[in-house]
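These notes are about the structure you will find just below.
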Number of protein chains: 2
Amino acid sequence: MVEQRIQLDLVFAALSDSTRRDILARVAKIEMSIGEIAEHYKMTFAGIAKHVKVLERAGLVIKKRRGKEQVVIIVPSSLSIASSHIEQYAKMWSERFNQLETLLKEEK
Amino acid sequence: MVEQRIQLDLVFAALSDSTRRDILARVAKIEMSIGEIAEHYKMTFAGIAKHVKVLERAGLVIKKRRGKEQVVIIVPSSLSIASSHIEQYAKMWSERFNQLETLLKEEK
DNA sequence: CTATCATTAAACTATATGGTTGAACAAAGG
DNA sequence: CCTTTGTTCAACCATATAGTTTAATGATAG
């Protein structure tokens, strides 16, 4: 329970950086080694490796050794937790939506 | 375009703290003043006010003055941006899902 | 075994964040 | 106007983060 809240912290924090979201989008399409990922950015290899580590700690990707390379692979489950969490807000706010509209009109 | 990416950074960063997610869940149900919100936490009033400001900067809530209180109200649109963004990953990974399953089995 | 390629780890700097306290500002009520 | 209540702002501290460079480890090819 508490663990899952921490996990969610890590997932959202990982997604809060556009470089990491970009990396995630890449490996969602094609699995890539860290070196291959790094080629697409101005940042140093070590910098990219750190970003990948953040994604890994959040459980968004895993690494699998293939020869001497380390291949980065996306993990669906953790992202779906984040997604469903956001949907919970969606439910709650939809109940309040009309109320909100009125208030925003008042503003003008 | 670039602005939206920055906005998304702010939205995910705002959601990466469990206190802020908790506040968001509260105001999604019932609009509350900052003081009312603060009553539910051990943190100081100013601490909560800062968290609310983070949510506000991300566009997740707005404040509306009601008498001498400042009422915090959730804003649907920004959250839906985040949600749809996550769904984009969902689409991409679903294409790769079978491929992934195989790899995870190999692991064992 | 050695040389090489891919990755990880460590040490460091700069900046951002979460939290505090205390002072200043704003609106309402006497 | 003065006081009270609710909020904001500024200064400060501790810790976390993003990035760098350099050294160390792992795996493969010869």
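These numbers come from a predicted model, not from an experiment. In the text below, chain A, chain B and the rest are named by the order of the sequence lines, each starting its count at 1.
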What contact category does A/Thr19 fall into here, base, sugar-phosphate, or nothing, at under 4.0 angstrom with non-hydrogen atoms? nothing
Checking all strands, does B/Gly35 fall into the base, sugar-phosphate, or nothing category for heavy-atom contacts under 4.0 angstrom? sugar-phosphate
Do A/Val72 and A/Arg26 have side chains that approach each other closer than 4.5 Å (heavy atoms only, starting at C-beta)? no
From [atom1] of [X] over to [atom2] of [N], roughly how many Å is that when rounded to an integer?
X: A/Asp17; N: C/dA16; atom1: CG; atom2: C1'; result: 13 Å
X: B/Ile48; N: C/dT17; atom1: CD1; atom2: P; result: 18 Å
X: A/Glu69; N: C/dA6; atom1: CD; atom2: P; result: 7 Å

Using only side-chain N and O atoms of [X], determine if any of them is under 4.0 Å from OP1 or OP2 of [N].
X: A/Thr44; N: D/dG19; value: no
X: A/Lys63; N: C/dT8; value: yes
X: A/Arg20; N: D/dA18; value: yes

Measuring from atom CD1 of A/Ile37 to atom CD of A/Gln70, what distance do you get when rounded to the nearest 0.5 angstrom? 11.0 Å
So which nucleotide from [options] ends up closest to the side chain of [X]?
X: A/Val54; options: C/dG18, D/dG19, D/dA18; result: D/dA18
X: B/Ala46; options: C/dT7, D/dT5, C/dT21; result: C/dT21
X: B/Lys50; options: D/dG6, D/dT8, C/dG19; result: C/dG19

Check whether any side-chain N or O of B/Arg21 sits under 3.5 Å from a backbone N or O of B/Leu15 as a donor-acceptor pair, and report yes or no. yes
Answer yes or no: is there an ion pair linking A/Glu31 with A/Arg66, defined by an N-O contact shorter than 4.0 Å? yes
